[in-house]
Structures are given as C-alpha cells and as structure tokens.
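Data first, discussion second: the structure below is written as structure tokens.
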Amino acid sequence: MAIAPAQIPTSFGHELRACLRCRLVKTYDQFRESGCENCQFFKMEEDHERVVECTTPNFNGIISVMDPTRSWAARWLRIGKFAPGVYTLAVSEALPEEMQAICEDERVQYMPPKRL
C-alpha cells in the first residue's frame with residue numbers, strides 16, 4: 001500500500017518552512033492549514049503557534065522524493081519511511097524540548113541536527 005504524498009509547496013519563496021523533525025518543506029500557510037503529513041501528532045493545524053515552534057525557515061537545500069522506499073537519497077537522508085514530497089537536506093535548529101517530549105510520548109524517533 002502506497003503512502004499518500006505530502007502537499008507540494010505552492011511557492012518557492014521566503015515563506016517556505018521545514019519541519020524540524022522530518023524536514024518536510026511546505027509554506028507556512030500549508031503547515032497552518034493541514035499540519036505535517038509525517039508528524040501529525042504535533043497537531044499544527046489545530047495550534048498555529050506550533051507551526052512556528054515545529055518548523056523553521058532556516059534550512060539548506062531541497063530534494064523532491066517521489067518514492068522514498070526505493071530512493072537511495074531518501075535512505076541516505078533518513079527520510080525513506082516518510083511520505084513522498086519535498087524535503088530539505090538539513091535544518092539548522094533543534095526541535096524545542098517540549099516538542100521532543102511529544103516525540104518521546106509518541107515513541108517517534110527525533111534526531112537533532114548535527115551542527116547548531
């Protein structure tokens with residue numbers, strides 16, 4: 001069974017943001033309206049402040065992944081189990097501790113960025 005694809009960004013300007021956990025890239029408005037397809041437990045669509053807490057405009061590079069399970073690049077970036085979509089290569093901020101606790105409660109792995 002195929003995973004439903006994530007929303008594709010509607011524009012590629014300064015309004016793009018990346019999820020701090022899974023690195024999915026969408027616009028601020030898209031995160032606010034439908035949250036993150038990979039991190040639904042953050043409930044960004046219900047609490048708009050969470051969009052700012054769980055995403056960042058500071059990221060490097062973009063990759064589009066159509067079939068994460070078959071993509072060597074997706075496996076290398078550790079996004080092979082996520083929904084098809086647009087991802088960043090790296091984020092430069094860590095997820096706030098409160099959001100890291102939610103990941104632990106949900107038994108979902110969070111890997112902080114290597115460089116801060």
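Because the structure is predicted, anything quoted here is derived from the model rather than measured. All residue numbers refer to positions in the sequence shown, counting from 1.
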Working to the nearest 0.5 angstrom, can you tell me the gap between [X] [atom1] and [Y] [atom2]?
X      : Y     : atom1 : atom2 : answer
Asp29  : Thr10 : CG    : OG1   : 7.5 Å
Glu53  : Phe42 : CD    : CZ    : 10.0 Å
Glu104 : Glu97 : CD    : CD    : 10.0 Å

Report yes or no: do [X] and [Y] belong to one cluster of Ile/Leu/Val/Met/Phe/Trp/Tyr joined by side chain heavy-atom distances under 4.5 Å?
X     : Y      : answer
Leu20 : Ile79  : no
Val25 : Leu89  : no
Val86 : Met44  : yes
Phe31 : Ile102 : yes

Are the side chains of [X] and [Y] in touch, meaning some heavy atoms are under 4.5 Å apart?
X     : Y     : answer
Glu49 : Val52 : no
Pro84 : Met66 : no
Thr55 : Val91 : no
Pro57 : Tyr28 : no
Leu24 : Phe82 : no

Original post:
Of all residues at least two apart in sequence or in a different chain, which pass the salt bridge (charged side-chain N to carboxylate O under 4.0 Å, His left out) check with Asp47?
Top reply: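 Checked Asp47 against salt bridge (charged side-chain N to carboxylate O under 4.0 Å, His left out); zero matches.
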
Original post:
Among all residues two or more places apart in sequence or in another chain, which pass the salt bridge (charged side-chain N to carboxylate O under 4.0 Å, His left out) test with Arg50?
Top reply: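 By the salt bridge (charged side-chain N to carboxylate O under 4.0 Å, His left out) rule, Arg50 matches no residue at all.
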
Just list the side-chain donor-acceptor pairs under 3.5 Å for residues 105-113, sequence neighbours left out, or say none.
{"residue": "Tyr110", "atom": "OH", "partner": "Leu95", "partner atom": "N", "Å": "2.8"}

For residues 33-41, dump all side-chain donor-acceptor pairs below 3.5 Å to protein atoms at least two apart in sequence or in another chain.
{"residue": "Ser34", "atom": "OG", "partner": "Gln7", "partner atom": "OE1", "Å": "2.8"}
{"residue": "Ser34", "atom": "OG", "partner": "Lys26", "partner atom": "NZ", "Å": "3.3"}
{"residue": "Ser34", "atom": "OG", "partner": "Gln30", "partner atom": "O", "Å": "3.0"}
{"residue": "Glu37", "atom": "OE1", "partner": "Lys26", "partner atom": "NZ", "Å": "3.0"}
{"residue": "Glu37", "atom": "OE2", "partner": "Gln7", "partner atom": "N", "Å": "3.1"}
{"residue": "Glu37", "atom": "OE2", "partner": "Lys26", "partner atom": "NZ", "Å": "3.4"}
{"residue": "Asn38", "atom": "OD1", "partner": "Ala83", "partner atom": "N", "Å": "2.9"}
{"residue": "Asn38", "atom": "ND2", "partner": "Tyr87", "partner atom": "OH", "Å": "2.9"}

Original post:
Can you tell me if Thr27 uses its side chain to pair, donor with acceptor, with the backbone of Pro9 under 3.5 Å?
Top reply: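 No: the side chain of Thr27 does not pair with the backbone of Pro9.
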
**OP:** Given side-chain contact (heavy atoms from CB on, under 4.5 Å), test Asn58 with Ser92 step by step and report yes or no.
**Re:** CA-CA 6 Å; Asn58 302 317; Ser92 56; 3.4 Å; yes

Do any side-chain atoms of residues 68-77 form donor-acceptor pairs under 3.5 angstrom with protein atoms, and if so which ones, sequence neighbours left out?
{"residue": "Thr69", "atom": "OG1", "partner": "Asp67", "partner atom": "OD1", "Å": "2.7"}
{"residue": "Ser71", "atom": "OG", "partner": "Ala73", "partner atom": "N", "Å": "3.3"}
{"residue": "Ser71", "atom": "OG", "partner": "Ala74", "partner atom": "N", "Å": "3.0"}

Original post:
With sequence neighbours left out, which residue pairs that include part of residues 14-23 fulfil the salt bridge (charged side-chain N to carboxylate O under 4.0 Å, His left out) condition?
Top reply: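 For residues 14-23: none.
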
